[in-house]
Q: 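Before we start, here is the structure in question, set down as structure tokens.
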Amino acid sequence: MIVAVTSLGELPARRSLGGVGSPAIELRLDLDGGWREFLRKPREVIEHAKPAGGKLIITCRRAEEGGQWGGSEDQRREVLTFAAAQPGVDFIDVELGVDVAAPREKIIRSFHDFSGMPHDLNTVAARLEAAGGELFKLVPTAHCLCDNLRLRDFLATREGDFISFAMGEYGGPSRILAELWGSVATYAALGERALAPGMLTVHELQTTYRAAFDAVTPPAFFGVTGLHVGHSLSPTLHNEAMSRFGANNLYLPLAARDVADFVQFARSLPLKGASVTVPFKEAIVPHCVSLDNEARSLGAVNTVTLDDKGSLRGANTDARGFLADLEAQFGDVQPGCRFLVLGAGGAARAVAHALLQKGAFVGVFSRRIEQAKAACAGTAAKAVAEVAEDDPWECIVNCTPCGMRGEHVDEMPLPWEQLAPALHKNAVFYDLVYEPRLTPLCARAQAEGFHISHGLGMLLRQGEAQAAIWGYLPPRVAFKEPPVAPSKLVWLIGYRGCGKSTLAPLLASKLGVPAFDLDAMLEKRAGQKIGQVFASGQAQFRVLEDAELSLLAARENSGVVATGGGVILNPRLIETMRESGTVIFLDAPEDLLVERLRAQPGRPSLTGRGAAEEVHEVMAKRRPLYEKAAHLRVAVSEDATPEILCAEVAKRLKQNE
């Protein structure tokens, strides 16, 4: 069974448990102070929490074991003892070494190791059994992919009374395969908040990895490997296609410490095939007994197939996947067309290889010219030290991780000011990054009026080629593009002085979401105050504003955003805001706006006139745009405090759901 872990505040999401089969809920009383409400009205909490036909587990985790309990240990034991005495509570989770006055049949005796994997799992298991309980939970932290195999072998020796899997990114396979390996259950987050390192959501287990729970016979295993693969869409794409075509296959996330770690795991599982991503594409080549022509030419592998003896055969589908999507987006590549490839890794070499085969002129730029030269060695591609040449670039292809969600999300592969003079007036941009689907490079290019595309299409096309190699996808059948999670951003619009920046953090706190101030974010990225940016010209400011708002909409799916007063001058930004959430027009009377602007003399003027004339003139043009952009209009009066306004906006949002 899947144990859905949740706090009291996340219990409304329990409807997502449909279709799990014999579900259980673990209610974490240490989270969000839930223990207080449980002690006040236990019957109501239990009735609300317990799933129909399933079990209810009460947990109150102390800080040293990943919890948020802030009281004394004696108080925590009292909470657990009280919970065990309540009708409807099936189990309480009691850590090894903790004594609670509760019947043995109501205890899940648990051991969590956040530092790593115990040397002898059986010794820990014996200690758990000696402490007593109905079920025993042994959850270490995986420090490599092969640690999953140790848990598999451990579970094979047990008799159906142990729950065991590993935490951390490397432990992902053990969470998915826990029940197939003999664990009583696996644990997953009911909501979107990961409550332990590496924890998946119930939705992910139900949809992406359902083959691990639905299969009558054990599935054949495939996966994606690299140093970090938690962001990868490949499990979603491949598992959906495998399910659609009735293949008894399961595709797993296989983060590994290094290639040797992956190869050992792949042979021991055993694995039938895997997608290979950074930084393993080159390092895995020596482990392959054969390579296809593309892999041999590129010196890199993105697809491996294992035979019955565990031998690896390497292929590369990156070049064909890139070219297929590029031409679908922008038309056929013409001989002599000038491409600037940013980056010098395996992906850049695959892109250059595909373009050179079409007769394009390919320049490769890297921050270190030596790397660019190495990427071009033996090919007709040219290493580029300075992007500004006599002939402008017609297509820019980003093959770096700049802009990828994580540590590189705010990075640009090179400054825009360096790139802009080298661009053809009709240049197009193709970014291999697809998560998020807009990077700082493409956000700026789009704001400047250039056509852009992200790398999801390449992922789909190269994945289809991998599926064909593995033999489960029929000819000329395409992967389905995964659905985008709906955004629930709240966009506050209105003339400056209407109170957007004051209201945003108050409303965000009330809704339990982050707050964003678009002008502050723009200042941070530009390294200048708004007045200084405005001094460079309003047109330049609008370009930077466009890029910042578009980036925010692509990255976040919840939050309250205080926008600049002029965002509604850009029709595309209006469309972006309306499609990604709810737009609220804070409509303040002109005399109040004038009063507030006069109290802030440092604000740059939009027209060069006095506050009264400016507000009247500008609002005459903007009011129709504010009203057209908004889903809701909220009147702002002089008597309305920020707290009163916050309550009114929250009320209107609730009514608008």
Side-chain angles (χ1 to χ4, degrees), residues 142-149 168-170 172-173 221-232 234-235 251-307 309-319 321-322 341 343-353 364 366-368 370-379 399-401 404 406-408 432-433 458-459 462-463 465-466 469-470:
H143 279 181
C144 65
L145 183 58
C146 285
D147 277 347
N148 292 276
L149 300 174
E169 184 179 14
Y170 296 132
F221 298 115
F222 297 82
V224 56
T225 190
L227 196 58
H228 301 290
V229 297
H231 69 283
S232 176
S234 292
Y251 188 101
L252 301 163
L254 304 173
R257 291 194 65 161
D258 50 37
V259 168
D261 183 29
F262 163 73
V263 171
Q264 181 181 346
F265 177 88
R267 288 171 173 161
S268 300
L269 189 57
L271 206 67
K272 294 293 185 181
S275 311
V276 183
T277 187
V278 293
F280 293 173
K281 291 186 178 185
E282 293 85 7
I284 203 168
V285 169
H287 295 267
C288 296
V289 298
S290 66
L291 301 173
D292 74 355
N293 291 335
E294 295 289 299
R296 190 176 300 107
S297 296
L298 295 168
V301 164
N302 83 326
T303 310
V304 294
T305 305
L306 282 82
D307 61 22
K309 296 180 180 179
S311 297
L312 278 67
R313 304 183 186 279
N316 197 305
T317 65
D318 280 337
F322 162 73
V341 176
R349 292 201 301 275
V351 165
H353 177 78
V364 176
S366 177
R367 292 174 181 174
R368 293 174 56 193
E370 295 80 9
Q371 292 178 328
K373 289 178 178 178
C376 296
T379 76
C399 301
T400 76
M404 183 182 295
E407 62 179 313
H408 301 293
L432 269 60
V433 173
M458 175 183 172
L459 180 72
Q462 64 86 23
Q466 291 177 329
I469 290 172
W470 296 327

Q: Stepwise, does the side-chain contact (heavy atoms from CB on, under 4.5 Å) test hold for T225 with F280?
A: CA-CA 8 Å; T225 190; F280 293 173; 3.7 Å; yes
Q: Mind running side-chain contact (heavy atoms from CB on, under 4.5 Å) on R349 and E282 for me, showing each step along the way?
A: CA-CA 11 Å; R349 292 201 301 275; E282 293 85 7; 2.9 Å; yes
Q: Go through the structure and list residues passing side chain to side chain contact (heavy atoms under 4.5 Å, CB included) with H408, not counting sequence neighbours.
A: P401, E411
Q: Distance check, rounded to the nearest 0.5 Å: S234 atom OG versus L254 atom CG?
A: 11.0 Å
Q: State, to 0.1 Å, how close R257 and H143 come at their nearest heavy-atom pair, and which atoms those are.
A: CD-O, 2.7 Å
Q: Between N302 and T317, does a side-chain contact (heavy atoms from CB on, under 4.5 Å) hold up when you go through it step by step?
A: CA-CA 7 Å; N302 83 326; T317 65; 3.0 Å; yes
Q: Could you pull out the closest heavy-atom pair between A350 and A319, with the gap in Å?
A: O-CB, 3.5 Å
Q: Got a second to check how far N148's CG is from Y170's OH, nearest 0.5 Å?
A: 11.5 Å
Q: Suppose we screen for side chain to side chain contact (heavy atoms under 4.5 Å, CB included). Which residues come up paired with A295, at least two apart in sequence or across chains?
A: L291, D292, V301, N316
Q: Show every donor-acceptor pair shorter than 3.5 Å between a side-chain atom in residues 264-274 and any protein atom, with sequence neighbours excluded, or say none if there are none.
A:
{"unit_1": "R267", "atom_1": "NE", "unit_2": "G310", "atom_2": "O", "d": "2.8"}
{"unit_1": "S268", "atom_1": "OG", "unit_2": "Q264", "atom_2": "O", "d": "2.9"}

Q: S366: which residues meet the side-chain hydrogen bond (donor to acceptor under 3.5 Å, both in side chains) condition with it, sequence neighbours left out?
A: Q371
Q: So, do Q466 and Q462 sit near enough that their side-chain heavy atoms are less than 4.5 Å apart?
A: yes
Q: About how many Å separate OH of Y251 and OG of S232, when rounded to the nearest 0.5 Å?
A: 6.0 Å
Q: So does R296 have more than 12 non-hydrogen atoms from other groups sitting under 6.0 Å from CZ?
A: yes
Q: Determine, stepwise, if the pair D307 / V289 fulfils side-chain contact (heavy atoms from CB on, under 4.5 Å).
A: CA-CA 11 Å; D307 61 22; V289 298; 5.7 Å; no
Q: Calculate, to the nearest 0.5 Å, the distance between atoms CZ and OG1 belonging to R367 and T400 respectively.
A: 7.0 Å
Q: Return the set of residues passing side-chain hydrogen bond (donor to acceptor under 3.5 Å, both in side chains) with H228 (not counting sequence neighbours), or none when no residue passes.
A: E169
Q: About how many Å separate CG of L306 and CH2 of W470, when rounded to the nearest 0.5 Å?
A: 10.5 Å
Q: Check side chain to side chain contact (heavy atoms under 4.5 Å, CB included) between A352 and all other residues, then give those that pass, not counting sequence neighbours.
A: V362
